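Below is one structure; the comments refer to it alone.
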Amino acid sequence: MNWIDHELYLDIYPPKEFNFEECLLFLGRSEQEVLHQIKDKAIYKLIKVKESFILCKIEYINHCIKVEFPYGDPSNVERKKVGEFIWEWFDLDQDLGQFYQMARNDKILTKPVEKYAGLRIMCIPELFEALVWAIIGQQINLSFAYTLKQRFVEQFGEFLTFEGETFWLFPSAEKIASLNVEDLRKLQITKRKAEYIIGVAKEMKSGRLTKELLLEKNDYEQVQKSLMFIRGIGAWTADYVMMKCLHYTSSFPIADVGLHNALKNLLNLKEKPTIAEIEEYAKNWEGWQAYATFYLWRSLYDKTI
């Protein structure tokens, strides 16, 4: 990790293939987003370290991510945790050189990588949040998924109020494990998804399911199998979580509707491609399917490509 702790603020130096504005565009894609706020090209994000709430103001100045702390005075340990969280959130450990080399010679990816160069997968460092967000988003449109997330967070999450603004944290697995299905049904979450979410919360609360245990496996198929063993987690959900939380660049949510729509648009197809056709398109993407998918998702909210 390349960063300097100035005590009152952090300077984080990202790799050269980094475009803060592109990352900001992704983070700002829904006005219903409740876990961060974007104002004047700065991201305001609440992070919890043990029992402390740390409000971060994240900007990009002179090729450097600057993190200030508008509320309170975090300790050395807390600042280190914040730095690690932001480094992971922006996926800054990933060396994208090989991905760009491959993508520039790929007929589908060449345009997106040129246009969105420096975009990184915006990760979800917390496993519980990644799993719940993926479950909420199953088989519904993105707008309604954000509505449900907002209700879920505002009903069960902790928050900090500062200068008249409210900053939210994603609910903890411990909190959700203590609920019953009806508590989530009230938010318009289906009975089945409510069962899945509470089931995942209980697995995590018990310690049977942790990010550390999954990362220890260090094997794509084993991790995917472990996730799919949990009720409510199919191949798409497992791959989404492996891509956004566990940093598997080879994870490939091939059944994703957004991916299908992006390929249909970029290739001027009359209909969405079949899985077999997508497998054919993706032959070159080996090892980088997650990044290919993320760049294709980005093209969905671009009217000029």
Side-chain angles (χ1 to χ4, degrees), residues 1 3 10 12-39 41-47 56-60 64-67 81-96 99-100 103 109 112-113 115-137 142-143 145-146 149-150 153 167-170 211 236-237 239-253 256 258-259 262 288-302:
M1 227 168 79
W3 58 295
L10 302 176
I12 298 174
Y13 297 94
K16 66 177 192 299
E17 300 98 348
F18 178 70
N19 186 328
F20 186 74
E21 283 193 14
E22 274 296 338
C23 295
L24 216 56
L25 266 170
F26 180 82
L27 290 173
R29 69 200 169 127
S30 172
E31 287 178 8
Q32 290 168 289
E33 177 56 70
V34 71
L35 292 173
H36 56 260
Q37 295 179 26
I38 298 173
K39 288 184 228 165
K41 294 194 174 178
I43 308 162
Y44 291 80
K45 171 87 173 157
L46 186 63
I47 295 172
C56 303
K57 179 188 180 186
I58 304 162
E59 292 178 286
Y60 191 65
C64 171
I65 299 168
K66 185 174 185 179
V67 186
K81 289 284 182 200
V82 166
E84 287 167 354
F85 179 92
I86 292 169
W87 190 265
E88 183 176 359
W89 192 27
F90 285 93
D91 200 29
L92 298 179
D93 248 355
Q94 214 62 256
D95 180 352
L96 296 185
F99 169 62
Y100 285 136
L109 297 177
V113 294
K115 200 151 187 217
Y116 317 130
L119 171 67
R120 286 176 174 263
I121 289 177
M122 289 308 306
C123 296
I124 304 174
E126 302 293 338
L127 179 63
F128 183 61
E129 182 188 333
L131 284 163
V132 172
W133 174 231
I135 291 167
I136 283 175
L142 197 59
S143 173
Y146 270 109
K149 180 168 101 166
Q150 185 174 8
V153 170
F167 301 91
W168 289 92
L169 289 167
F170 198 79
K211 185 173 176 177
W236 176 85
T237 308
D239 268 305
Y240 182 85
V241 169
M242 289 172 74
M243 165 187 187
K244 296 275 280 182
C245 181
L246 304 176
H247 310 281
Y248 275 84
T249 57
S250 55
S251 62
F252 194 17
D256 184 78
L259 171 67
W288 291 104
Q289 293 94 324
Y291 261 88
T293 302
F294 199 71
Y295 271 67
L296 290 168
W297 284 345
R298 168 64 182 90
S299 73
L300 285 170
Y301 45 103
D302 185 346

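Computed from a predicted model, the values in this text were never measured in an experiment. For reference, positions follow the sequence shown, starting with 1. Values below: every heavy atom of this structure, side chains too, minus hydrogens, waters and symmetry copies.
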Q | Check against side chain to side chain contact (heavy atoms under 4.5 Å, CB included), Phe294 and Met243 | A | CA-CA 9 Å; Phe294 199 71; Met243 165 187 187; 4.0 Å; yes

(Q) Go through it in stages, so that I can follow the logic: the residues are Glu21 and Lys41, the test is salt bridge (charged side-chain N to carboxylate O under 4.0 Å, His left out), and I'd like the CA-CA distance, side-chain angles, deciding distance and then a yes or no. (A) CA-CA 8 Å; Glu21 283 193 14; Lys41 294 194 174 178; 3.3 Å; yes

Q | From CA spacing to verdict: side chain to side chain contact (heavy atoms under 4.5 Å, CB included), Tyr240, Thr293 | A | CA-CA 10 Å; Tyr240 182 85; Thr293 302; over 6 Å; no

Q: Begin with the C-alpha distance, continue with both residues' side-chain angles, and end with the deciding distance and a verdict on side chain to side chain contact (heavy atoms under 4.5 Å, CB included) for Asp91 and Tyr291.
A: CA-CA 11 Å; Asp91 200 29; Tyr291 261 88; 2.6 Å; yes

**Q.** Criterion side chain to side chain contact (heavy atoms under 4.5 Å, CB included) on Gln94 and Ile121, from CA distance to verdict
**A.** CA-CA 10 Å; Gln94 214 62 256; Ile121 289 177; over 6 Å; no

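Shown here is Lys16, whose NZ atom has no more than 12 heavy atoms of other residues, nucleotides or ligands within 6.0 Å. Other residues, nucleotides and ligands place more than 12 heavy atoms under 6.0 Å from the NZ atom of Lys211. Within a 6.0 Å radius of CD in Glu126, no more than 12 heavy atoms belonging to other residues, nucleotides or ligands are found.
Taking 4.5 Å as the limit, every side-chain heavy atom of Ser30 sits out of range of all side-chain heavy atoms of Lys149. Using a 4.5 Å heavy-atom threshold, the side chains of Gln32 and Ser143 count as touching. Side-chain atoms of His36 and Leu27, non-hydrogen and from C-beta on, do get closer than 4.5 Å to each other. Phe20 is listed as a side-chain neighbour of Ile58, based on a closest heavy-atom distance under 4.5 Å. With contacts defined as side-chain heavy-atom distances shorter than 4.5 Å, the pair Phe170/Ile124 does not qualify. You'll find the side chain of Pro15 stays beyond 4.5 Å of the side chain of Leu96, heavy atoms only.
Contact detail for Leu92 and Pro14: the closest heavy-atom pair is CD2-CB, 3.9 Å. Shortest non-hydrogen contact noted between Leu142 and Arg29 is CD2-NH1, 3.4 Å. For the residue pair Cys245 and Ala130, the shortest heavy atom distance occurs at CB-CB, 3.8 Å. Counting all heavy atoms, side chain and backbone alike, Ala134 lies closest to Thr237 at CB-CG2, 3.5 Å. In plain terms, the two heavy atoms of Val67 and Val82 that are nearest each other are CG1-CG1, 4.2 Å. Annotation for Leu109 and Ala292: closest pair CD1-CB, 3.8 Å, computed over non-hydrogen atoms.
Between the side chain of Tyr60 and the backbone N or O of Asn19, no donor-acceptor pair lies under 3.5 Å. A donor-acceptor contact shorter than 3.5 Å links the side chain of Glu33 to the backbone of Leu35. When atom types are taken as modelled, the side chain of Arg298 and the backbone of Val113 share no donor-acceptor pair closer than 3.5 angstrom. When atom types are taken as modelled, the side chain of Tyr295 and the backbone of Leu119 share a donor-acceptor pair closer than 3.5 angstrom. For the pair Lys244 (side chain) and Met122 (backbone), a donor-acceptor distance under 3.5 Å is present.
Here CG of Leu246 is found 6.5 Å from CG of Leu127. Values are rounded to the nearest 0.5 Å.
Ring geometry, Trp288 versus Phe99: the interplanar angle falls from 30° to 60°, so the pair is classed tilted. Using cut-offs of 30° and 60° for the angle between ring planes, the Phe85 and Trp89 rings count as tilted.
For Tyr13 and Trp87, the ring centers are positioned 6.0 Å apart or more.
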